[in-house]
K.L.:
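Provided herewith is a single structure, encoded as structure tokens, for subsequent inquiry.
So that the names make sense, note that chain A is the first sequence line, chain B the second, and so on, each numbered from 1.
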Amino acid sequence: MNPDGIGTTTTTGAPPAAGSKLEAEAIRKALSATERPPRASAASAALSFGWRGMLKVKHVPEQLLDVTITPVMFVLLFTYLFGGAIAGSTGEYRDYIMPGVLVIAVLFTTVYSGIAINTDLTKGVIDRFRTLPIWSPSPLVGSLLGDCVRYLVAATVIVVLGLILGFRPDAGLPGILAAVAVVILFSFGLSWVFTTMGLVMRSPNAVMNAGFMTIFPLTFLSNVYVDPDTLPAGLEAFVNANPISHLVSASRGLMEGNVESENLIVALGTAALFTAIFAPLTNRLYRRS
Amino acid sequence: MSENGNRKTLAIEASGLAKSFGETRAVDGVDLAVRTGTVYGVLGPNGAGKTTTIRMLSTLLLPDAGSARVLGYDVEREPDEVRGVVSLTGQLASVDEDLTGRENLILLGRLYGLKRDRAKARAAELLEAFGLADAAGRLVKTYSGGMRRRLDISASLVITPQVLFLDEPTTGLDPRSRNQVWDIIRTLVDGGTTILLCTQYLEEADQLADGIAVIDHGRVIAEGTPGQLKASVGSGALHVRLLDPDDRPRAEAVLQRNLDSVHREHDPAALSASCSDAERGAEAVAALSAEGIGIADFSLGQPSLDEVFLALTGRPPDEAEGEGQTDTDDRQEAA
Ligand SMILES: Nc1ncnc2c1ncn2[C@@H]1O[C@H](COP(=O)(O)OP(=O)(O)O)[C@@H](O)[C@H]1O
Ligand SMILES: [Mg+2]
């Protein structure tokens with residue numbers, strides 16, 4: 001038997017210190033003070049979770065480095081290192097690649113939505129959220145709304161850098177803004193895929209690896225970097241079918257003022273499809289896990 | 001309690017609650033009846049099924065079998081209504097470590113439907129009451145274990161819940177923080193909240209609970225008030241350590257005249273005997289002195305959870321489980 005486990009009768013029920021008496025009084029008062037308000041609306045709950053996402057960025061602004069540095073490196077690398085070789089001149093290649101870099105910069109960010117959800121799942125706070133009397137998908141919708149702000153940051157960095165480097169698309173600022181809007185809508189849809197991954201995979205690292213292993217090839221096998229006409233036939237077919245190619249074409253078209261509606265439809269249709277499939281799936285997995 | 005009043009006075013009722021994870025029967029037919037305004041202790045070792053039970057009662061897990069009601073609402077069919085009346089302070093910290101204490105409470109206030117100003121005021125009120133005002137603006141991950149627990153409990157009180165689930169609220173806390181948490185729990189019950197308290201410590205259940213269910217391997221193996229439970233276990237023990245080990249045989253004979261099941265401990269100078277009554281224990285010690293046997297120290301203790309388990313199940317609480325635990329931890333570190 002273990003004598004350490006035995007509480008002697010003399011040590012139980014130590015008298016509370018004066019400090020804790022006071023505390024008890026304050027707690028009693030704090031308890032009687034609340035009345036249950038009407039439930040938060042779905043929108044208000046989702047926005048509160050969006051606010052939570054923003055606070056995390058506020059506390060650890062470094063997490064935006066990923067979102068900003070990678071795309072900056074892409075722009076500089078491709079424009080100055082490969083531009084001359086691929087397109088004959090840096091300026092020409094910059095104009096070709098900018099709308100595509102906008103797309104990849106923002107799409108890479110969507111992987112973090114899955115990582116964030118996976119990280120949340122390993123913490124107890126998610127249990128508290130799930131026992132609140134709120135619209136049940138609001139933590140998910142809210143965090144994706146928060147993520148949209150990150151997408152906007154990534155997009156802004158690219159656009160500003162492009163403008164500094166002399167990128168002046170024909171459709172001007174309205175064209176750029178329209179392209180950014182379409183890219184963010186697409187990303188919102190795509191991020192549901194990664195939240196689903198985030199809920200089925202075992203660690204944030206696994207989500208990161210799987211996420212980037214999906215998104216890397218898909219962006220490289222698109223028309224971001226090169227004109228698909230220059231590719232072998234099989235690859236060309238794949239690249240042309242890739243929804244990311246359509247998104248890139250839509251982004252280029254909007255910036256240049258000659259967008260083809262087919263590209264817009266495929267890009268936004270894909271986003272809607274992802275949302276229709278993966279949002280309910282995410283929600284189901286989230287409620288169950 | 002009259003028969004027709006019974007229904008109303010029960011805050012939590014569960015019958016035949018069961019949940020398996022693969023081959024593991026985590027909860028295997030648990031019945032509970034918790035009266036409104038009381039603290040009910042669910043006492044059991046690691047892996048007994050406490051957390052799983054709480055998760056089913058708080059709508060986080062669907063039971064495989066059985067049913068449960070919280071304030072009359074069915075946890076399976078009316079989860080939203082249940083969520084409207086309960087709060088949960090889980091075993092893992094159920095606050096967001098990457099936010100400050102204040103932000104955590106404001107967020108919850110907003111989610112409960114408080115207006116922005118009201119949520120801020122409420123957060124300030126709670127932080128003050130729980131002695132966290134100075135740390136309000138710090139990230140929770142910088143908090144000590146005791147502060148975290150207090151924040152966690154205050155987070156459950158943003159809107160005063162009618163039923164509060166507390167899962168091992170003092171595990172890992174130093175004695176001072178533990179006493180603070182106990183004081184908080186007592187205050188809450190005075191205020192009329194019903195509390196379901198999961199714990200591994202008999203002393204905790206004894207200090208706080210009006211009723212206790214001892215669970216092991218997903219089953220309730222004993223139930224009653226703390227007094228009944230301890231009595232059924234044969235209650236406490238008297239431990240005596242002698243100045244001179246050579247006196248032990250004589251001391252043993254003296255104790256046998258006064259108490260039951262006297263036995264020699266590993267320590268060659270120590271003896272213990274079962275003893276449910278402080279007075280008889282004192283008499284036994286006095287008898288030793290009267291015989292001129294020198295006593296180094298003695299203690300009269302409540303049975304530990306180990307002893308309760310030994311008495312109820314004939315074996316100490318799951319040594320195997322403890323080893324399994326370390327295995328898991330190792331694996332997590334290796335991963
Ligand atoms: N999500 C889960 N998946 C698989 N096994 C689980 C899961 N949750 C709990 N268990 C198992 O169920 C049993 C009861 O666990 P739990 O309810 O956490 O016990 P306690 O809270 O009393 O320590 C343990 O054997 C545990 O390993
Ligand atoms: Mg547990």
K.L.:
Roughly how far, to the nearest 0.5 Å, is OG1 of B/Thr100 from CG of A/Leu55?
P.N.:
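Rounded to the nearest 0.5 Å, the CG-OG1 separation comes out at 7.5 Å.
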K.L.:
Heavy-atom distance under 4.5 Å to chain A: side chain of B/Glu97, backbone, both or neither?
P.N.:
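Contact with chain A involves the side chain of B/Glu97 alone.
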K.L.:
Measuring heavy-atom distances to chain A, does B/Asp190 have an atom under 4.5 Å in its side chain, in its backbone, in both, or in neither?
P.N.:
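The side chain, not the backbone.
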K.L.:
Considering only heavy atoms, which portion of B/Thr89 lies under 4.5 Å from any heavy atom of chain A: side chain, backbone, both, or neither?
P.N.:
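It is both, since atoms from each part get that close.
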K.L.:
I'd like to know which of B/Leu62, B/Thr59, B/Val95 tops the heavy-atom pair count under 4.5 Å against chain A.
P.N.:
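Among the listed options, the one with the most contacts to chain A is B/Val95.
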K.L.:
With a 4.5 angstrom heavy-atom cut-off, which part of A/Thr119 approaches chain B: side chain, backbone, both or neither?
P.N.:
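For A/Thr119, no heavy atom lies under 4.5 Å from chain B.
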K.L.:
Rounded to the nearest 0.5 Å, what's the gap from CG on B/Leu111 to CD1 on A/Ile134? Could you check?
P.N.:
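Interatomic distance, B/Leu111 CG to A/Ile134 CD1, rounded to 0.5 Å: 5.0 Å.
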K.L.:
I'd like to know which of B/Gly84, B/Gly90, B/Ser58 tops the heavy-atom pair count under 4.5 Å against chain A.
P.N.:
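Most heavy-atom pairs within the cutoff with chain A belong to B/Gly84.
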K.L.:
Any donor and acceptor pair, going by atom type alone, linking the side chain of A/Arg128 with main-chain N or O of B/Ser94 inside 3.5 Å?
P.N.:
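Yes: the side chain of A/Arg128 pairs with the backbone of B/Ser94.
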K.L.:
Taking the side chain as everything from C-beta on, heavy atoms only, tell me whether B/Asp98 gets closer than 4.5 Å to A/Val60.
P.N.:
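They are not in contact (no side-chain heavy atoms under 4.5 Å apart), so the answer is no.
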K.L.:
For atom CZ of A/Phe108, is the number of surrounding heavy atoms from other residues, nucleotides or ligands below 6.0 Å larger than 12?
P.N.:
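Result for CZ/A/Phe108: enclosed.
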K.L.:
Give, for atom CG of B/Leu107 and atom CG of A/Leu132, the distance between the pair rounded to the nearest 0.5 Å.
P.N.:
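Output value for this atom pair is 8.5 Å.
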K.L.:
How would you list, by chain and number, every residue that makes a side-chain hydrogen bond (donor to acceptor under 3.5 Å, both in side chains) with B/Glu76, sequence neighbours excluded?
P.N.:
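For B/Glu76, no residue satisfies side-chain hydrogen bond (donor to acceptor under 3.5 Å, both in side chains) once neighbours in sequence are set aside.
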K.L.:
Please examine the side chains of A/Lys56 and B/Glu103, heavy atoms only from C-beta on, and report whether any two atoms are closer than 4.5 Å.
P.N.:
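Contact flag for B/Glu103/A/Lys56 side chains = no.
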K.L.:
Of the non-hydrogen atoms in B/Leu114 and A/Pro37, which two are nearest, and what is the gap between them?
P.N.:
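In this case the closest contact between B/Leu114 and A/Pro37 is CD2-CG, 3.6 Å.
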K.L.:
Atom CZ of B/Arg116 and atom OG of A/Ser44: how far apart are they, to the nearest 0.5 Å?
P.N.:
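Going from the CZ atom of B/Arg116 to the OG atom of A/Ser44 covers 8.5 Å.
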K.L.:
Measure the shortest side-chain to side-chain distance between A/Thr131 and B/Leu60 over non-hydrogen atoms and say whether it is less than 4.5 angstrom.
P.N.:
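A side-chain contact under 4.5 Å exists here.
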K.L.:
State the CG-CH2 distance between B/Asp80 and A/Trp135, to the nearest 0.5 angstrom.
P.N.:
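With rounding to 0.5 Å, CG (B/Asp80) is 13.0 Å from CH2 (A/Trp135).
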K.L.:
Around atom CD of A/Glu62, are there more than 12 heavy atoms of other residues, nucleotides or ligands at under 6.0 Å?
P.N.:
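Atom CD in A/Glu62 is crowded, with more than 12 foreign heavy atoms closer than 6.0 Å.
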K.L.:
Is it the side chain or the backbone of B/Ala155 that comes within 4.5 Å of chain A heavy atoms, both, or neither?
P.N.:
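Interface part for B/Ala155: both.
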K.L.:
Any non-hydrogen side-chain atom of A/His59 less than 4.5 Å from a side-chain atom of B/Leu139?
P.N.:
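Contact flag for A/His59/B/Leu139 side chains = yes.
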K.L.:
Is the CZ atom of B/Arg102 crowded by more than 12 outside heavy atoms at less than 6.0 Å?
P.N.:
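Open: at most 12 neighbouring heavy atoms sit under 6.0 Å from CZ of B/Arg102.
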K.L.:
Given side chains that start at C-beta, do those of B/Ile106 and A/Trp51 come closer than 4.5 Å, heavy atoms only?
P.N.:
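They are in contact (side-chain heavy atoms under 4.5 Å apart), so the answer is yes.
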K.L.:
Under 4.5 Å heavy-atom distance to chain A, tell me which part of B/Ser272 shows up: side chain, backbone, both or neither.
P.N.:
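The answer is neither part of B/Ser272.
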K.L.:
Sort and list the pairs that fulfil salt bridge (Lys or Arg N to Asp or Glu O under 4.0 Å) and have at least one residue in residues 106-121 of chain A, not counting sequence neighbours.
P.N.:
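Residue pairs passing salt bridge (Lys or Arg N to Asp or Glu O under 4.0 Å), neighbours aside: A/Arg52-A/Asp120.
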K.L.:
Would you say A/Arg36's side chain and B/Pro161's backbone share a donor-acceptor pair under 3.5 angstrom?
P.N.:
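Judged by distance alone, no pair lies under 3.5 Å.
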K.L.:
Can you tell me how far the CZ atom of A/Arg130 sits from the CZ atom of B/Arg55, to the nearest 0.5 Å?
P.N.:
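Going from CZ on A/Arg130 over to CZ on B/Arg55, the span is 6.0 Å.
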K.L.:
Evaluate whether atom CG of B/Asp117 has more than 12 neighbouring non-hydrogen atoms of other residues, nucleotides or ligands under 6.0 angstrom away.
P.N.:
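No.
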K.L.:
Less than 4.5 Å to any heavy atom of chain A: does that hold for the side chain of B/Ser154, its backbone, both, or neither?
P.N.:
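No part of B/Ser154 comes within 4.5 Å of chain A.
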K.L.:
What part of B/Val82 gets closer than 4.5 Å to chain A, counting heavy atoms only: side chain, backbone, both or neither?
P.N.:
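For B/Val82, there is no contact with chain A at all, as no heavy atom is under 4.5 Å.
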K.L.:
Could you check whether atom CZ of B/Arg138 has more than 12 heavy atoms from other residues, nucleotides or ligands sitting under 6.0 Å from it?
P.N.:
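Above 12, so yes.
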